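In each ligand, atom 1 is the first atom listed, and ligand 1 is the first ligand listed. Bear in mind the structure is a predicted one, so any value in this text is a computation, not a measurement. Quick note: numbers below take in every heavy atom, side chains included, and nothing from hydrogens, waters or symmetry partners.
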Amino acid sequence: MKALEIKNLKKVYRGGFEALKGIDLTVEEGDFYALLGPNGAGKSTTIGIISSLVNKTGGSVKVFGYDLDTQLGDLKRQIGLVPQEFNFNQFETVRQIVVNQAGYYGVPRKLAHERSEKYLSQLGLWDKRDEPARSLSGGMKRRLMIARALLHEPRLLILDEPTAGVDIELRRSMWEYLTKINNEGITIILTTHYLEEAETLCRNIGIIDAGQIIENTSIKRLLAQL
Ligand code: ADP
Ligand code: ADP
């Protein structure tokens, strides 16, 4: 099963800037996939399109076989997104932020509470559950967004630069956590501009530059070439 299948994806932003010049990308179910590239390459645009936050200009996107154009509701349920910026209400409590996600996905309230305990505990945030999000450190806020993204138990977790601005110790514990849930079956795609991060975590890698995929290979093969 293909977790993600992108064909000839194009994005031209208003004003005419061509951010994606027709990219093809396939990620198999169970993979841990890195989309690597320098700033401005088109990583966030690609992720934004997959998670339907950004309109595409052309091409097609399928997630677990669901087409972005014709099966948007089903497609969205497959995906958990961890964006780059902290996009939650800083005055809500940690638990509220996670539980409130249930409403978007039709997760029953009782189940939402059980899962919020499960994921907040796994991510080391259960003790902080009644604190307002603004009191958390940057690394904790990022883990909070991971817990929130897992609440509806998506099959594909997408993270945009998940360890940007996170210190090395926390980065390692986040890497461990992502590896654990990937081993349990969740497909993961992350963007990064650190080769080391891709190398440590991922099985396959796409390298994007100036809106084009310039390499799509396994980490092993990539390292053998260097
Ligand atoms: P990356 O995530 O790889 O850093 P982005 O996808 O954010 O790259 O951006 C790709 C290019 O598209 C950049 O040159 C960026 O300035 C441009 N861009 C991103 N968003 C917009 C937008 N809303 N309007 C116009 N240009 C944009
Ligand atoms: P979409 O077509 O996906 O709805 P838009 O092209 O409407 O996106 O982008 C919204 C606005 O955000 C743009 O007009 C642009 O001025 C602004 N913008 C946001 N991020 C960037 C960026 N990185 N570079 C340039 N402009 C940006």
| message | Looking at K118 and E114, is any side-chain nitrogen of the basic one under 4.0 Å from a carboxylate oxygen of the acidic one? | response | no
| query | Who pairs with E92 by side-chain contact (heavy atoms from CB on, under 4.5 Å), at least two apart in sequence or on another chain? | reply | N89, Q96, I97, N100
| Is there a heavy atom of G42 sitting under 4.0 angstrom from any atom of ligand 1? | yes
| Nearest neighbour of atom 9 (O) of ligand 1 from the list L20, T45, N39, on a heavy-atom basis | T45
| field | Numbered atoms and elements of ligand 1 in range of K43, under 4.0 angstrom, heavy atoms | value | 1 (P), 2 (O), 3 (O), 4 (O), 6 (O), 8 (O)
| field | Student check: side-chain heavy atoms of K62 and L4 closer than 4.5 Å | value | no
| query | Considering only heavy atoms from C-beta outward, does the side chain of R203 approach that of Y33 to under 4.5 Å? | reply | no
| query | Does any N/O atom on A41 come nearer than 3.5 Å to any N/O atom on ligand 1? | reply | yes
| Salt bridge flag under 4.0 Å for residues K180 and E176 | no
| task | Could you tell me whether A19 and ligand 1 have an N or O pair separated by under 3.5 Å? | result | no
| request: Could you name the option among S44, A210, G211 that has the heavy atom nearest to atom 2 (O) of ligand 1? | output: S44
| Does ligand 1 have an atom under 4.0 Å from some heavy atom of P38? | yes
| query | Are R129 and E131 within salt-bridge range, i.e. N to O under 4.0 Å? | reply | no
